Every structure is written in structure tokens, then in C-alpha cells.
Amino acid sequence: MDNNKRVALFPGSFDPFTKGHEDIVLRGLKLFDQIIIAIGYNSQKQNRYIEIDRMIGLIEKSFANEERVSVITYNELTAGLAHKTGARFLLRGLRNTTDFEFENSVSQMNRYLFKELETVFLITSPTYAAISSSIIREVHKYGADVNEFLPYEL
Ligand code: ADP
């Protein structure tokens with residue numbers, strides 16, 4: 001493991017991965033040498049809207065030209081995964097005060113669990129601030145075209 005490398009974990013559900021998420025990754029690449037998109041996934045629960053293997057494939061395709069981005073799934077503490085993968089940073093997007101309230105507690109806990117871990121927050125670009133995976137799921141479920149909000153075609 002190369003300790004000088006700035007590796008960031010971008011954890012989330014990504015159900016589905018949106019242009020808002022893509023924006024955070026692209027901007028994160030200016031700060032970090034490597035970004036690992038880590039999809040929290042419990043194979044016992046199987047409650048995803050977009051099937052996990054399909055989502056992994058679509059994200060990988062979106063970053064096909066960027067070898068510094070990789071995609072993994074995990075079912076453990078995010079801090080533990082960061083430790084294991086050699087990531088000293090967590091990357092998260094902040095859209096609004098609701099995100100802030102939640103992220104504040106989570107990042108304090110993560111640093112308690114793994115002292116070296118710093119969470120880096122990027123404020124959402126205005127164009128993508130209103131995009132959320134849950135709204136996209138809801139709209140797509142009723143047959144509307146949501147491709148405008150995704151970095152690939154669903
Ligand atoms: P989680 O279930 O962990 O909130 P999400 O997949 O919803 O996972 O989000 C992962 C990360 O991406 C979070 O930091 C979230 O704030 C951020 N994010 C979600 N939507 C956007 C967006 N439209 N623009 C920027 N960041 C976003």
C-alpha cells in the first residue's frame with residue numbers, strides 16, 4: 001500500500017448513480033489520486049431498485065476512460081472499509097442543511113472509529129443540487145425518462 005497516495009472512498013447507495021454523484025467524483029479527482037466508489041450493499045436484503053451488477057457495470061462504463069476511478073461493493077462499517085483499502089479520505093457531497101445535519105454526525109463517528117480518516121465534503125454544483133436518487137427512482141418507476149439526470153442510459 002502506497003501511503004503517499006491520496007486515496008478517497010466515495011461511499012453511498014447509488015441507487016441509481018446520478019450526474020450529481022458523477023460531478024462529485026470528477027471534482028474529487030482534482031483533489032485525490034484515486035477514488036473508490038463504494039456501494040453499500042447487503043446481498044441478503046436484495047432491496048435495490050437498480051440491480052447491483054447492472055449499477056456497477058453502468059458506473060464502470062461512465063468512467064471507462066478514467067483509470068483512477070474504481071467501483072466496489074461493501075457490507076461493513078465504512079470506516080473499516082477505508083482502513084482496509086488504504087483510503088485516508090471519505091468523499092461526500094453536500095446538497096443542503098439536511099445533508100449537513102446527517103453528515104456531521106456520521107463524519108464525527110467515522111473519525112472516532114478510524115483516527116486518520118478525514119471526510120471531505122464538496123458542495124453540490126447548483127445544476128445538480130435538486131437531483132436525488134430517490135426522486136429519480138420515483139419518476140422512473142412511473143415510466144418517465146430520467147436519462148437527462150444520469151451519466152448513462154437507463
Ligand atoms: P447515501 O445513501 O449514503 O446518502 P447516496 O447514494 O444517496 O447515498 O449519496 C452518496 C453521496 O452523494 C452522499 O454524500 C450524497 O450527499 C451525495 N449526493 C447525492 N446526490 C447528490 C447530488 N445531486 N449532488 C451532489 N452530491 C450528491
Side-chain angles (χ1 to χ4, degrees), residues 5-43 45-79 81-82 85 87-111 117-154:
K5 243 185 166 188
R6 298 171 81 84
V7 181
L9 211 60
F10 183 33
S13 318
F14 307 117
D15 190 20
F17 189 90
T18 68
K19 279 190 181 171
H21 295 131
E22 179 192 44
D23 180 60
I24 298 295
V25 173
L26 294 176
R27 288 162 61 201
L29 283 170
K30 294 178 191 153
L31 303 172
F32 304 109
D33 297 312
Q34 204 188 320
I35 294 177
I36 304 170
I37 299 169
I39 311 178
Y41 174 66
N42 182 345
S43 58
K45 286 198 179 157
Q46 305 268 3
N47 55 356
R48 288 186 63 90
Y49 181 69
I50 305 291
E51 207 229 318
I52 190 71
D53 289 336
R54 183 167 181 221
M55 197 68 256
I56 294 170
L58 289 168
I59 302 173
E60 283 177 341
K61 218 170 110 194
S62 309
F63 293 103
N65 295 322
E66 186 45 84
E67 58 185 28
R68 295 188 296 139
V69 176
S70 56
V71 187
I72 60 173
T73 61
Y74 74 108
N75 182 20
E76 62 182 290
L77 279 175
T78 307
L81 178 73
T85 53
R88 284 180 294 125
F89 304 93
L90 291 182
L91 176 62
R92 296 285 288 175
L94 280 186
R95 284 166 294 189
N96 47 43
T97 51
T98 312
D99 275 356
F100 173 79
E101 297 286 344
F102 177 70
E103 297 291 341
N104 186 19
S105 334
V106 176
S107 75
Q108 306 290 356
M109 180 53 83
N110 280 330
R111 209 141 67 94
L117 194 58
E118 288 289 359
T119 307
V120 175
F121 298 101
L122 294 182
I123 298 286
T124 309
S125 302
T127 330
Y128 306 120
I131 303 177
S132 75
S133 298
S134 56
I135 290 178
I136 294 203
R137 284 198 298 273
E138 197 64 19
V139 171
H140 185 262
K141 194 165 79 180
Y142 292 107
D145 184 353
V146 290
N147 289 328
E148 172 75 21
F149 307 105
L150 308 174
Y152 48 81
E153 297 223 333
L154 209 56

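Because the structure is predicted, anything quoted here is derived from the model rather than measured. Along the sequence shown, residues carry numbers from 1.
In Arg48, the CZ atom is crowded: over 12 heavy atoms of neighbouring residues, nucleotides or ligands sit closer than 6.0 Å.
For Lys45, the salt bridge (charged side-chain N to carboxylate O under 4.0 Å, His left out) criterion is met by no residue, not counting sequence neighbours. In terms of the side chain to side chain donor-acceptor pair (under 3.5 Å) criterion, residue partners of Arg95 (sequence neighbours excluded) are, by chain and number, Asp99. For Glu60, there are no salt bridge (charged side-chain N to carboxylate O under 4.0 Å, His left out) partners, not counting sequence neighbours. In this structure Glu51 satisfies the salt bridge (charged side-chain N to carboxylate O under 4.0 Å, His left out) test with no other residue, sequence neighbours excluded. Under the salt bridge (charged side-chain N to carboxylate O under 4.0 Å, His left out) criterion, Glu101 pairs with no residue, sequence neighbours left out.
Between Phe89 and Phe32, the ring planes lie tilted relative to each other; the angle falls in the 30° to 60° range.
No donor-acceptor pair under 3.5 Å is formed between the side chain of Tyr128 and the backbone N or O of Ile24. A donor-acceptor contact shorter than 3.5 Å links the side chain of Arg137 to the backbone of Asp15. Side-chain N or O atoms of Arg27 include none that pairs as donor or acceptor with a backbone N or O of Leu122 at under 3.5 Å.
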Could you list the donor-acceptor pairs under 3.5 angstrom formed between side-chain atoms of residues 141-151 and any protein atom two or more places apart in sequence or on another chain?
{"residue": "Asp145", "atom": "OD1", "partner": "Asn147", "partner atom": "N", "Å": "2.9"}
{"residue": "Asp145", "atom": "OD1", "partner": "Asn147", "partner atom": "ND2", "Å": "3.3"}
{"residue": "Asn147", "atom": "OD1", "partner": "Leu154", "partner atom": "N", "Å": "2.8"}

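The CD1 atom of Ile56 lies 13.0 Å from the CD1 atom of Ile50; values are rounded to the nearest 0.5 Å. Rounding to the nearest 0.5 Å places CD of Glu103 at 5.0 Å from CZ of Phe121.
With 3.5 Å as the limit, one finds a donor-acceptor pair spanning the side chains of Ser132 and Ser134.
Using a cut-off of 4.0 Å between Lys/Arg side-chain N and Asp/Glu carboxylate O, Asp23 and Lys19 are scored as not salt-bridged.
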